[in-house]
Enquirer: 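Structure in structure tokens, see below.
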Amino acid sequence: MAGFLSVLKCIYLTIYNWTIFVGWFQVLYMALMTLKESGHEHVYNAVEKPLLLAQTAAIMEILHGLIGLVRSPITTTLPQIGSRLLVTWGILWSFPETRTHVLVSSLVISWSITEIIRYSFFGTKKALGFAPSWLLWLRYNTFLVLYPTGITSEVGLIYIGLQYIKGSEKYCIRMPNQFKFSFDYFYAAIISLGIHVPGTPHMYQYMLGQRKKALAKSKRE
């Protein structure tokens with residue numbers, strides 16, 4: 001029974017990884033084609049559907065960690081996915097005024113290249129039991145550039161979105177109400193920016209540590 005569950009888990013994770021890989025590949029292809037043909041102002045409209053689907057599907061990774069399908073710690077997975085969902089749904093989808101900024105292009109390109117490499121790495125590893133050395137090198141080296149460009153784009157778009165959040169009062173809950181609870185999305189977005197200050201160096205250090213372990217292990221093998 002344990003062997004059957006192990007095979008089932010492997011099949012599921014293989015399909016999951018390659019499915020999300022296809023989504024992010026579509027995002028990258030459409031972003032680059034749109035940049036070439038129409039300019040950065042039109043990138044979001046071109047990639048919106050696959051971007052929303054691929055990024056939202058990452059919620060499953062939190063579930064995978066909670067039920068033990070993968071060994072990724074929730075303490076690193078949750079804030080990373082949470083910040084991306086905030087930008088994807090809470091800024092770009094919610095406030096169309098932000099969609100034509102050049103940071104959208106740097107965001108989706110940084111995200112898509114990172115995720116294409118990551119999901120192809122884990123998909124190959126699950127399917128074959130190993131990943132080629134070149135793919136492992138890409139997995140643990142490209143983030144050195146792509147993480148800073150991606151996080152800078154995230155922070156920049158949240159900051160740009162503040163003026164539109166404040167002006168619209170979207171997602172705000174005002175007193176009085178039957179729940180006796182209030183929520184101001186503008187201040188929540190500011191808090192999110194504040195969390196990025198200590199959170200970004202911490203995450204980068206964590207990724208550097210994972211890189212060191214993975215590359216050292218590959219050399220021993």
Side-chain angles (χ1 to χ4, degrees), residues 23-24 27-28 30-32 34-35 38-59 61-62 74-118 142-175 181-208:
W24 281 113
V27 171
L28 179 61
M30 295 173 74
L32 293 176
T34 304
L35 273 174
S38 308
H40 71 267
E41 297 89 351
H42 304 281
V43 166
Y44 178 82
N45 289 335
V47 306
E48 181 179 40
K49 289 183 180 179
L51 174 65
L52 293 176
L53 287 171
Q55 191 57 71
T56 305
I59 294 174
E61 294 187 27
I62 300 173
I74 296 299
T75 52
T76 57
T77 304
L78 185 59
Q80 185 176 24
I81 292 175
S83 67
R84 287 188 171 197
L85 289 174
L86 170 63
V87 175
T88 303
W89 288 100
I91 301 297
L92 294 174
W93 184 81
S94 298
F95 301 96
E97 301 91 340
T98 63
R99 298 176 184 176
T100 56
H101 199 280
V102 68
L103 285 177
V104 175
S105 298
S106 59
L107 179 82
V108 297
I109 290 173
S110 298
W111 280 2
S112 57
I113 294 176
T114 298
E115 298 308 284
I116 285 169
I117 293 170
R118 186 164 73 94
T142 51
F143 83 87
L144 295 171
V145 174
L146 295 174
Y147 183 76
T149 57
I151 202 70
T152 300
S153 301
E154 288 181 37
V155 170
L157 287 168
I158 295 172
Y159 178 78
I160 290 165
L162 288 178
Q163 59 182 311
Y164 306 112
I165 295 172
K166 189 173 185 179
S168 71
E169 293 211 345
K170 186 178 286 187
Y171 308 134
C172 293
I173 301 173
R174 301 301 184 193
M175 293 281 282
F181 170 79
S182 65
F183 174 77
D184 195 310
Y185 189 46
F186 175 75
Y187 291 109
I190 291 178
I191 291 172
S192 173
L193 286 176
I195 292 174
H196 275 84
V197 175
T200 298
H202 172 75
M203 181 63 72
Y204 200 64
Q205 286 295 324
Y206 170 79
M207 294 166 75
L208 287 173

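Source: prediction; values computed, not measured. The residues of the chain are indexed from 1 along the displayed sequence.
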Enquirer: With sequence neighbours left out, which residue pairs that include part of residues 74-97 fulfil the salt bridge (charged side-chain N to carboxylate O under 4.0 Å, His left out) condition?
Expert: Arg84-Glu115

Enquirer: Could you list the residues that satisfy ring pair (Phe, Tyr, Trp, His ring centres under 6.0 Å) with Tyr171, not counting sequence neighbours?
Expert: Tyr185

Enquirer: Thr142: which residues meet the side chain to side chain contact (heavy atoms under 4.5 Å, CB included) condition with it, sequence neighbours left out?
Expert: Ile117, Leu138, Leu146

Enquirer: Looking at CG of Leu157 and CG of Leu92, how far apart are the two atoms once the value is rounded to the nearest 0.5 Å?
Expert: 5.5 Å

Enquirer: Roughly how far apart are Ile158 CD1 and Ile91 CD1, rounded to 0.5 Å?
Expert: 6.0 Å

Enquirer: Applying salt bridge (Lys or Arg N to Asp or Glu O under 4.0 Å), name anything that partners Glu169, two or more places apart in sequence or on another chain.
Expert: Arg174

Enquirer: Does some side-chain heavy atom of Phe186 sit less than 4.5 Å from a side-chain heavy atom of Leu162?
Expert: yes

Enquirer: Are the side chains of Leu35 and His40 in contact, using a 4.5 Å heavy-atom criterion?
Expert: yes

Enquirer: Does Ser94 reach the main-chain N or O of Trp89 with its side chain, forming a donor-acceptor pair under 3.5 Å?
Expert: yes

Enquirer: Please give me the minimum heavy-atom distance between Ile109 and Ser112, naming the atom from each residue.
Expert: O-OG, 3.2 Å

Enquirer: Quick one: side chain to side chain donor-acceptor pair (under 3.5 Å) partners of Thr77, sequence neighbours excluded?
Expert: none

Enquirer: For Pro148 and Thr152, work out which heavy atoms get closest and say how close.
Expert: O-OG1, 2.6 Å

Enquirer: Taking Gln55 as the fixed residue, which of Val27, Val108, Thr88 is the one that meets the side-chain contact (heavy atoms from CB on, under 4.5 Å) rule?
Expert: Thr88

Enquirer: Just list the side-chain donor-acceptor pairs under 3.5 Å for residues 43-50, sequence neighbours left out, or say none.
Expert:
from: Tyr44; atom 1: OH; to: Glu48; atom 2: OE2; distance (Å): 2.9

Enquirer: Can you tell if the side chain of Ile59 reaches within under 4.5 Å of the side chain of Leu85, non-hydrogen atoms only?
Expert: yes

Enquirer: Scan the side chains in residues 191-208 for donor-acceptor partners under 3.5 Å anywhere in the protein, sequence neighbours excluded, and list what turns up.
Expert:
from: His196; atom 1: ND1; to: Ser192; atom 2: O; distance (Å): 2.8
from: Thr200; atom 1: OG1; to: His196; atom 2: O; distance (Å): 2.8
from: Tyr204; atom 1: OH; to: Leu144; atom 2: O; distance (Å): 3.1

Enquirer: How long is the span from the NE2 atom in His101 to the CG atom in Leu107, to the nearest 0.5 Å?
Expert: 12.0 Å

Enquirer: Taking atom OH of Tyr187 as the centre, does the number of heavy atoms from other residues, nucleotides or ligands within less than 6.0 Å exceed 12?
Expert: no

Enquirer: List in chain and number order the residues that pass side chain to side chain donor-acceptor pair (under 3.5 Å) with Gln163, two or more places apart in sequence or in another chain; answer none if no residue qualifies.
Expert: none

Enquirer: Test your reading of the model: is there a side-chain donor-acceptor pair from Ser83 to the backbone of Gln80, 3.5 Å cut-off?
Expert: yes

Enquirer: Got a sec, which pairs hit salt bridge (charged side-chain N to carboxylate O under 4.0 Å, His left out) with one end in residues 145-155, sequence neighbours left out?
Expert: none

Enquirer: Please assess Val104 against Thr100 for the test side-chain contact (heavy atoms from CB on, under 4.5 Å), listing each intermediate value before the final yes or no.
Expert: CA-CA 7 Å; Val104 175; Thr100 56; over 6 Å; no

Enquirer: If the condition is ring pair (Phe, Tyr, Trp, His ring centres under 6.0 Å), which residues does Phe95 pass it with, not counting sequence neighbours?
Expert: none

Enquirer: Nearest 0.5 angstrom please: Ile190 CD1 to Ile165 CD1, how far?
Expert: 8.5 Å

Enquirer: Without hydrogens or angle criteria, can the side chains of Ser153 and Trp111 be said to hold a donor-acceptor pair below 3.5 Å?
Expert: no

Enquirer: Mind checking side chain to side chain donor-acceptor pair (under 3.5 Å) for Thr98 and listing every partner two or more places apart, or none if nothing turns up?
Expert: none

Enquirer: What residues, two or more places apart in sequence or in another chain, satisfy side chain to side chain donor-acceptor pair (under 3.5 Å) together with Thr34?
Expert: none

